[in-house]
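For reference, the structure is listed below as structure tokens.
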Amino acid sequence: MKSYVLSTASAIAVCAAGAAFADGHAEAEVLHYWTSGGEAKSVAVLQEEFAANGGTWTDMPVAGGGGDAAGTALRARVLSGNAPTAAQIKGPAIQEWFQEGVLADISSVAEANDWANLLPASIAAHMQCEGNWCAAPVNVHRVDWIWANTEILAANGIEMPTTWDEFNAAAETLQAAGIIPLAHGGQAWQDATVFETVVLGLGGAEFYQAALVDLDQEALTSDTMVAVFDQMRTMRGYVDPNFSGRDWNLATAMVMNGEAAFQIMGDWAKGEFLAAGKVPGVDFTCASTPGDGYLYNVDSFAMFAVEGDGKAAGQELLAELIMGPNFQEVFNMNKGSIPARTDVDLSGFDECAQISAADMASTNDGGTLMPSYAHGMALFGAQSGAITDVVTAHFNSDMSSADAVQMLSDAVANSQ
Amino acid sequence: MTRWLQDNMPKIVLAPSFIAVMVFVYGFIAWTAWVSLTRSRLLPRYEIDSFIQYERLAASPRFETAMTNLFIFGALFILISMVLGLLLAILLDQKIRTEGAIRTIYLYPMALSMIVTGTAWKWILNPELGIEVTVQGWGFSGFEFGWLVDPDKAIYTVVIAAIWQSSGFVMALFLAGLRSVDEEIIKAAQVDGIPTWRVYSAIIIPSMAPIFLSAFIVLAHLAIKSFDLVIALTGGGPGYATDLPATYMYAMAFSRGDIGQAASSAMVMMLVVFAIVVPYLYSELRTKDD
């Protein structure tokens with residue numbers, strides 16, 4: 001027994017020493033939640049590139065809960081003083097982790113590769129912690145998309161709506177024709193997704209910024225916000241009665257097979273259409289939701305403070321590869337999003353992605369490139385959660401818009 | 001030495017589990033209580049900052065819904081499970097031939113995990129897949145049964161599924177209780193010509209009081225801990241209409257990075273459990289002393 005314990009202990013010591021002295025050899029342990037088919041394939045691209053550059057990649061995929069499980073695993077690792085080299089974290093959560101004092105500085109890589117000029121300014125801001133670069137962006141998902149069944153629109157003489165009034169008129173026509181106007185899944189985050197596109201559409205980018213990014217009480221209780229909730233109530237009439245709890249991809253399927261005409265969902269919905277062999281512009285149409293602006297959802301890897309030259313080298317290599325043009329192109333073609341860096345050649349991408357990239361550039365210039373609140377890009381979890389609670393409570397009951405606005409203002413105040 | 005070992009063996013054997021319980025149960029309760037008094041967000045922090053989390057909890061309409069749901073769910077679930085369980089037990093107690101088989105059938109739902117129960121009932125109650133469509137298919141086109149997607153009634157679907165799961169277990173408890181009543185008393189009553197329902201209501205059921213208490217305690221803690229059933233059946237929806245304190249706590253701790261809220265709601269849940277268990281322990285211990 002004693003000798004067994006001794007030999008095990010020495011074996012562990014040898015392993016530890018081996019790891020510590022394996023310097024000069026880039027290694028990275030990467031915690032992520034890209035585990036579904038297309039996503040896993042996308043992350044494998046990065047893995048291969050990392051290995052081709054002489055690095056050792058330790059994969060730590062954690063499935064479940066849209067990243068909740070990965071977040072829990074990450075917290076456990078950080079609390080036990082054993083942080084991974086890099087972890088898939090996005091938006092303000094990067095700043096939250098930075099405030100906990102556990103992130104690394106990768107400014108040397110970022111500056112050597114001129115990230116500041118390659119990324120849209122507002123996206124670059126997410127990747128910086130008090131002026132230093134601490135995370136690398138992978139992709140840009142656009143959230144404010146409206147997807148439509150082209151055939152249904154043609155048969156009913158409907159154009160893609162460019163204002164919410166046009167959308168309502170189109171929905172009335174479709175309803176009269178016996179078609180479900182809006183395919184929707186009654187899950188809180190889906191309600192929030194629709195809500196934020198309506199806020200952007202009815203209020204404009206400035207109002208969106210004030211209400212959902214700065215949490216300005218005046219904006220939250222304004223007449224515009226009442227109008228937003230009115231529009232949500234109107235749209236509640238355009239979904240089918242059985243929408244509660246439906247997954248977003250089932251709602252996409254409803255548009256695909258002609259049960260419903262529209263869906264408001266981020267561009268991951270495109271992946272569903274493409275996987276079913278549908279052709280953009282022929283079988284389905286993509287357009288930004290009514291109104292000006294662009295809501296982005298950017299996936300990124302935050303780099304954690306780790307010890308050992310091997311890990312530091314791995315971190316730098318990883319950051320460089322993530323922002324590399326090759327990975328950005330291949331990964332995003334697989335995933336349905338667009339590259340975060342603006343200089344990638346988009347000729348191989350489909351027309352929806354090209355629209356997305358063109359709009360990202362123009363809204364960046366026009367100052368209407370906004371972070372998606374519903375997908376955790378604008379606010380801390382507690383605050384966005386508080387807003388989502390009100391949105392979903394309003395959408396799923398007969399609450400009046402005035403009550404909803406009051407509740408929204410209380411909930412936001414209570415979440416700070 | 002052997003003498004000393006003999007005397008102290010029980011203590012030595014019990015010590016590891018005692019220490020484990022002290023640390024992993026009471027230690028973590030204390031830790032949660034501490035964290036519930038801080039402004040912890042993504043990671044726990046330890047600077048105490050008054051009762052801010054409890055104030056936020058009190059101001060949260062979602063937690064209010066969760067507590068209301070807990071009382072609706074708890075009351076209906078415990079009451080109906082007990083009544084149904086008792087009724088089934090009495091019917092089974094009539095010395096019927098296939099008792100063994102029937103008892104097994106009623107007890108089997110207990111063998112399923114709540115996730116399975118929740119998923120199965122989700123399909124049964126789904127208006128487009130389950131009962132509603134089936135009955136409409138039989139020609140009753142006006143039939144509607146959309147409780148699952150109705151925010152005001154969805155909590156009752158959770159009650160239905162939970163009762164289906166647990167009433168067989170309560171039945172088994174009561175059946176054991178019925179069997180433990182002294183045959184002689186029952187026979188004496190029958191000789192006196194007392195009708196069967198009076199035998200049950202005046203003799204058998206009153207003598208089963210401890211069983212009622214046990215059933216109540218088991219069901220009450222099941223109700224307060226309920227989590228997986230809600231997650232599988234409704235996911236807390238529509239909106240947050242079927243949230244329970246346990247699902248609220250989960251959302252705060254794991255989805256929202258608001259550990260302070262999660263800890264304070266966990267403390268509130270624990271107080272609810274105490275409110276039920278402490279009087280029970282008190283009455284138990286007192287009778288032992290008598």
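With a 4.5 Å cut-off on non-hydrogen atoms, B/L233 does not touch chain A at all. Looking at A/A413, neither its backbone nor its side chain comes within 4.5 Å of chain B, counting heavy atoms on both sides. For A/A411, no part lies near chain B; criterion is any non-hydrogen pair under 4.5 Å. For chain A, the nearby parts of B/R56 are the backbone and the side chain; heavy atoms of each come within less than 4.5 Å. Both the backbone and the side chain of A/E96 come within less than 4.5 Å of a heavy atom in chain B. Interface remark: B/A253 contributes backbone atoms only to the contact with chain A (heavy atom separation under 4.5 Å). For A/D240, the part lying under 4.5 angstrom from a heavy atom of chain B is the side chain only. For B/T65, no part lies under 4.5 angstrom from a heavy atom of chain A. For chain B, the nearby parts of A/N414 are the backbone and the side chain; heavy atoms of each come within less than 4.5 Å.
The aromatic rings of A/F195 and A/F229 are tilted relative to each other, their planes meeting at an angle between 30° and 60°. Aromatic ring pairs are classed by plane angle as parallel below 30°, tilted from 30° to 60° and perpendicular above 60°; the pair A/W268 and A/W189 is tilted. Classified by interplanar angle (parallel below 30°, tilted 30° to 60°, perpendicular above 60°), the ring pair B/F73/B/F77 is parallel.
Comparing B/A59, B/P238, B/G146 by heavy-atom pairs within less than 4.5 Å of chain A, the highest count is held by B/P238. For the set A/E100, A/Q187, A/H394, A/M407, the count of heavy-atom pairs under 4.5 angstrom toward chain B peaks at A/E100. Interface summary for chain B: among A/T392, A/N242, A/T72, the most heavy-atom pairs under 4.5 angstrom belong to A/N242. Per-residue counts of heavy-atom pairs under 4.5 Å with chain A were compared for B/A154, B/G239, B/P61, B/P151; the largest is that of B/G239. Options B/S255, B/G236, B/P44 differ in how many heavy-atom pairs under 4.5 Å they form with chain A, and the most are formed by B/S255. By number of non-hydrogen pairs under 4.5 angstrom with chain B, the leading residue of A/F395, A/F380, A/W97 is A/W97.
Between B/Q261 and B/R256, every side-chain heavy-atom pair lies at or beyond the 4.5 Å cut-off. Within the 4.5 Å cutoff, no side-chain heavy atoms of A/S244 are placed close to those of B/L148. Inter-residue side-chain proximity for A/M232 and A/V194 is flagged as met; some heavy-atom pair is nearer than 4.5 Å.
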Would you check, one step at a time, whether the test side chain to side chain donor-acceptor pair (under 3.5 Å) holds for B/R3 with B/Q6? CA-CA 5 Å; B/R3 174 86 216 187; B/Q6 232 166 24; 5.2 Å; no

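Shown here is A/F98, whose CZ atom has more than 12 heavy atoms of other residues, nucleotides or ligands within 6.0 Å. Counting non-hydrogen atoms of other residues, nucleotides and ligands closer than 6.0 Å to CD of A/Q99 gives a total above 12.
No side-chain donor-acceptor contact under 3.5 Å links B/Q53 to the backbone of B/S36.
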